[in-house]
Amino acid sequence: MMDLFSDIEQQERDEILQLRRELEEANRLYYVENAPTLSDRDFDEKMHRLQELEKAYPEMASKTSPTQHVGSDLGGSKFETVAHRYPMLSLGNTYNKAEIEDWLSHLPSGVEIVCELKYDGLSISLWYEHGHLTRALTRGDGVQGDDVLRNILTISSIASLQTIAPIGMMRQVPDFLELRGEVLLPWANFERLNREREAAEEPLFANPRNAASGTLKLLDPEEVRRRGLITYLYYLLGDNLPETTHYERLQLARDWGFPISDAVRVCRSVDEVMDFINFWDTERRNLPVATDGIVLKVNNLQQQKSLGYTAKSPRWAIAYKFPAEKQLTTLRKITFQVGRTGVVTPVANLDPVQLSGTMVQRATLHNEDFVRQLNICEGDHVWVEKGGEIIPKIIGKVDDAQCTIHDDFHFIETCPECGTKLVRVEGEAAWRCPNSATCPPQLKGKLEHFVSRKAMNIDGLGAETIDLLFEQGLLHDIADIYALQKDDIATQEGFGDKSAEKILAGIEASKQVPWARVLFALGIRMVGETTAKKIARRFTSIDSLQWATLEELTAIEDVGEQIAQNVMAYFLDEHNLDILLRLRAAGVQLIAAPEDAINAEQQSVLAGKTIVISGTFAKHSRDEYKDMIEQYGGRNAGSVSSKTSFILAGENMGPEKRKKAESLGIPLMNEDDFLTMLTEN
């Protein structure tokens, strides 16, 4: 192996391998987790560097390199995976207008270019067969995608076009028609969603694109509908379409009633292209949705065909990315806010400035180390950026400030809400208020977390209602919820008998919430939804969990020593024990239902096995099979690798997964054999 690379400098060989790892992980976080860690520009710069190195050292070529395939959103999907009829590739892009001119100069003489806005959303492919909408596929890995039709039908403009009527003899709908576009979450809906997540102390979406992607993969269409997605379509494919240009096909789609953007222009010169780019670089700030650039496409379809494709991009199209938007403003004051878990966060209060269609007045400063690294203080002129990371952030300051951080910035020593002395855990960047028993923001945060949809799901008890009842002295802790009476609620301003009855009905219904969700709802630090499920499978009641040892807890998958210590500390607090007694008396489920209880022997059936699910099933849903795998000690995985133990294969198994399983010698198991294996054990 070393001989193969003997002519390559070790540093550059290592850089190629490291870039591949970084880009694959960035793709996974962007497409699957909807939690990007790299900005678009940083990602593109790393990709371009990798392309340069691979070109310089062809010995290092690999079909699995991220330069040879598009990022995939197929990681562990709960939807049916379907092969695309035409590959769904990504666009090459640039941040440099000179490179746009260079690209144009290599095209045939006199070519027309269609310029369009590059909407920052999730790619979608709509299939119409004999005029009826039959599929709605995500990009997936470019070869196959997830069918999210039931969620796409929550978008009103598409729901009204489940059937297309022919328009005139020359515009008959072909037997097969595909429209491609972007699914978007408008700014107003994105900000509302993040306000809700902030109140519940859930991770905020970085930008509308990630929010749209996460929304489209939800299993509850009604929640998808509530969030308010929209779509713009930008490409039309099909047999026997009379139009010979891309622009004409867009107009045909518009005639059929499809949502096509008005921001489309046919350009015949470099100057016209640059005019379009320059106009929208400013005007996009007034749009209701996020855009991050301009797409340029060769208009003539025959010329598109002649130009062809690279491994992952069409040669007849390119995207120009707008530079990250930033504005200069003044940092007026640094204040401090306390979160649900007691973390104290410094916040920059700014002179109002408009960024990406919204007025920004506040930006998080994360923690003390972040502030000191930026070396900022009150009165500084600072740069605020959104760009790909839509949550506002301060990226630096103008060097005209007279003060220094050493003289002027002091992180507070006591909690701004309750006066308790702050503590800083070794190894952590955050200062924390340890007074979880009486600190108001922590108490209200715990109440809001307890009633949230993924926890006890108590309808009607939102953040404002909790704040009102807390201020009235009716709620101090989560157990107080079950002591509320009708008059306590109905007599409050803005409430009445009906709203009170609705809240009380939600409280009563929450008594049937299963044990795993109750454990999550308790708000034990670092015990999230998934961790709570795993703990609840091992300890099937609050009583057994109370006496769990460190060794028993850390033996649970993904439960490290810090989480185990937090669980044990929870039961050493007399206030928590009192709350649990009152919850038990109220009838809250603090023990697993008999059908949910799995003994230790059963939990070891799939221990150490990594299982991939692919296809559709007759006896249980994919979600149910995922739960079974976890309940019986296995691990779910979204992609096939050498570590895969076997594939639970249903009908219409993904062809790429099958091909890779065959190449690696990984066995397939049907659902009957899988269920038999569980029941026999």
Side-chain angles (χ1 to χ4, degrees), residues 36 38-45 47-48 90-105 107 112-121 123 181-182 184-188 190-191 206-210 212 230 232 234 246-247 250 260-299 313 317-329 352-360 363 382-396 398:
L38 287 179
S39 69
D40 288 353
R41 185 154 196 162
D42 289 341
F43 179 90
D44 291 335
E45 287 175 353
M47 182 67 77
H48 292 157
S90 62
L91 289 175
N93 54 56
T94 179
Y95 296 83
N96 189 323
K97 291 180 181 178
E99 291 182 2
I100 290 291
E101 294 186 18
D102 181 64
W103 178 78
L104 290 168
S105 70
L107 295 177
E112 291 183 340
I113 299 296
V114 177
C115 291
E116 308 167 19
L117 285 176
K118 186 177 183 298
Y119 292 105
D120 196 13
S123 297
E182 294 287 308
L184 305 159
L185 190 67
W187 285 116
F190 167 74
E191 289 164 358
N207 53 50
R209 186 268 166 203
N210 298 112
I230 65 169
Y232 284 119
Y234 56 68
H246 169 61
Y247 184 80
L250 287 182
I260 306 295
S261 170
D262 293 328
V264 179
R265 178 182 176 186
V266 179
C267 298
R268 296 174 178 84
S269 68
V270 173
D271 288 343
E272 289 183 359
V273 169
M274 293 305 166
D275 286 345
F276 188 90
I277 290 174
N278 293 334
F279 174 81
W280 283 108
D281 192 10
T282 300
E283 188 61 25
R284 66 192 175 98
R285 296 169 175 81
N286 299 319
L287 293 172
V289 293
T291 60
D292 60 354
I294 301 294
V295 177
L296 290 73
K297 300 173 185 172
V298 170
N299 191 24
S313 304
I318 193 171
Y320 169 77
K321 293 285 195 74
F322 293 128
E325 187 179 357
K326 63 180 182 179
Q327 292 284 358
L328 189 64
T329 187
V353 61
Q354 189 171 38
L355 278 173
S356 300
T358 58
M359 192 63 69
V360 174
V382 295
W383 288 105
V384 184
E385 182 181 275
K386 278 194 172 183
E389 299 296 327
I390 297 301
I391 300 169
K393 61 180 180 182
I394 293 177
I395 58 172
V398 178

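As the structure is a prediction and not an experimental result, all values here were calculated from the model.
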**Message:** Going by side chain to side chain donor-acceptor pair (under 3.5 Å), name the residues that satisfy it together with Asn299, two or more places apart in sequence or in a different chain.
**Reply:** Glu112
**Asked** Residues in side chain to side chain donor-acceptor pair (under 3.5 Å) with Asn278, at least two apart?
**Response** Lys97
Gap separating the [atom1] atom of [X] from the [atom2] atom of [Y], nearest 0.5 angstrom:
X	Y	atom1	atom2	value
Tyr247	Glu116	OH	CD	10.5 Å
Phe276	Leu117	CZ	CG	5.0 Å
Met274	Leu104	CE	CG	6.5 Å
Ile318	Lys297	CD1	NZ	13.5 Å

Looking at [X] and [Y], what are the two nearest heavy atoms and their distance?
X	Y	result
Ala290	Pro208	CB-CG, 4.1 Å
Tyr95	Asn93	CE1-OD1, 4.4 Å
Tyr234	Ser123	OH-OG, 4.0 Å
Ile294	Lys118	N-CB, 3.9 Å

**Request:** For the residue pair Leu296 and Cys115, establish whether any side-chain heavy-atom pair is separated by less than 4.5 Å.
**Result:** yes
**Beyond-backbone contact of Gln327 with Val360, side-chain heavy atoms, under 4.5 angstrom** = no
[X]: partners by salt bridge (charged side-chain N to carboxylate O under 4.0 Å, His left out), with sequence neighbours left out:
X	result
Asp281	Arg284
Glu182	none
Asp262	Arg254

With sequence neighbours excluded, residues passing side chain to side chain contact (heavy atoms under 4.5 Å, CB included) with [X]:
X	value
Asn96	Thr94, Ala98, Glu99
Leu328	His381, Trp383, Val398
Glu272	Arg265, Cys267, Arg268, Ser269
Ser261	Tyr119, Tyr232, Ala263

**Asked** Is the shortest distance from a Lys or Arg side-chain nitrogen in Arg209 or Asp120 to a carboxylate oxygen in the other one below 4.0 Å?
**Response** no
